[in-house]
Amino acid sequence: MPDDAGLYLRLLYRRAFASQDALPAQLGFDAAVLDKYRGAAGYSLIRTDTVGRLKREGGWSIDVGIGEGGRTIHAAIGDIIHKLPDAEREHWAQHAVSLPMSKMYLQMRLSPGSCFDDGEVRPWE
């Protein structure tokens, strides 16, 4: 991520944390999520070098950021929740991408209170 983008992302998250509002938080997607809409009747896709918009004619639209190299896009979680119809959210979930993450931590978040053993507890050095 270019330094400028990193600066703006930190500012966005700082504001989200201060307001206790996670809706501006960004989610990443493989740009292939848009393939479903390319050339499909009733949809339009427009873009600049760094931002784009997907629009369902007469219905919804969502703005996205375009990641470096165009292989990924990102959007605000609030837009995914509030602008995309229920039927579209599953499609987008199938194209979610992320930074390297802990599988065990994610499992723990999905099953609160469960016991997971993935090694000895030790100081974080």
Side-chain angles (χ1 to χ4, degrees):
M1 174 182 328
D3 290 345
D4 287 347
L7 170 66
Y8 288 112
L9 184 63
R10 286 188 294 277
L11 290 171
L12 184 144
Y13 277 97
R14 187 178 298 141
R15 185 176 295 168
F17 295 161
S19 67
Q20 299 181 8
D21 177 9
L23 296 180
Q26 299 293 293
L27 298 174
F29 302 92
D30 187 307
V33 70
L34 300 175
D35 291 348
K36 170 182 176 179
Y37 310 102
R38 279 194 183 85
Y43 292 94
S44 64
L45 279 165
I46 58 172
R47 64 168 286 173
T48 67
D49 290 341
T50 59
V51 298
R53 174 174 289 154
L54 167 62
K55 182 177 182 180
R56 171 75 172 150
E57 302 302 332
W60 52 269
S61 69
I62 187 167
D63 294 328
V64 299
I66 301 170
E68 195 172 327
R71 293 179 302 279
T72 60
I73 62 170
H74 56 94
I77 192 170
D79 289 350
I80 299 295
I81 292 169
H82 296 298
K83 292 184 176 183
L84 288 179
D86 292 345
E88 296 299 324
R89 286 190 218 122
E90 177 59 28
H91 170 71
W92 284 66
Q94 295 302 315
H95 289 84
V97 296
S98 70
L99 297 172
M101 293 189 181
S102 164
K103 174 184 167 188
M104 190 63 65
Y105 176 78
L106 296 173
Q107 287 177 330
M108 288 169 48
R109 296 295 302 193
L110 289 168
S111 302
S114 297
C115 181
F116 292 90
D117 182 9
D118 73 338
E120 183 180 328
V121 175
R122 57 197 177 275
W124 195 322
E125 298 177 21

### OH-NZ distance between Y43 and K55, expressed to the nearest 0.5 angstrom
13.5 Å
## Note on the structure
So CZ of R10 and CZ of R15: to nearest 0.5 Å the spacing works out to 14.5 Å
### Query
What about V33 and I81, same hydrophobic cluster or not, with Ile/Leu/Val/Met/Phe/Trp/Tyr joined at side-chain heavy-atom distances under 4.5 Å?
yes
### Distance (rounded to the nearest 0.5 Å) between D35 CG and D30 CG
8.0 Å
#### Entry: Non-hydrogen atoms of D49 and R47 that approach each other most closely
O-NH2, 3.3 Å
### Task
Measure across L23 and H82 and return the closest heavy-atom pair with its distance rounded to 0.1 Å.
CD1-NE2, 3.9 Å
### Task
Answer yes or no: is there a donor N or O on one side and an acceptor on the other, between the side chain of Q26 and the main chain of P24, under 3.5 Å?
yes
### Task
Quick one: do V64 and L54 satisfy side chain to side chain contact (heavy atoms under 4.5 Å, CB included)? Show the steps, please.
CA-CA 8 Å; V64 299; L54 167 62; over 6 Å; no
### Task
Indicate the ring-plane relationship of W60 and Y37, choosing parallel, tilted or perpendicular according to the 30° and 60° boundaries.
perpendicular
### Gap between atom CZ of R14 and atom CG of L9 - 0.5 Å precision
11.0 Å
### Task
Could you state whether L45 and I80 fall into the same hydrophobic cluster, counting links through intermediate Ile, Leu, Val, Met, Phe, Trp or Tyr residues with side-chain heavy atoms under 4.5 angstrom apart?
yes
### Query
When hydrophobic residues are tied together by side-chain contacts of less than 4.5 Å, even through go-betweens, does F17 share a cluster with L12?
yes
#### Entry: Closest approach of A31 to G70 (non-hydrogen atoms, all atoms of both residues)
CB-O, 3.4 Å
### Message
Under the side-chain hydrogen bond (donor to acceptor under 3.5 Å, both in side chains) test against S44, which residue among R53, E57, R56, R38 passes?
### Response
E57
#### Entry: Gap separating the NZ atom of K36 from the CH2 atom of W92, nearest 0.5 angstrom
10.0 Å
### Message
Can you give me the closest heavy-atom contact between G52 and I66, atom names plus distance?
### Response
N-CD1, 4.2 Å
### Message
Using modelled atom types and a 3.5 Å cut-off, is there a donor and acceptor pairing between side-chain atoms of H91 and backbone atoms of A87?
### Response
no
## Note on the structure
Paired with I73, the side-chain contact (heavy atoms from CB on, under 4.5 Å) test is passed by just one of V51, I62, V97, L34, namely L34
### Query
Which heavy atom in D79 sits nearest to a heavy atom in D63, and how many Å separate them?
OD2-O, 4.5 Å
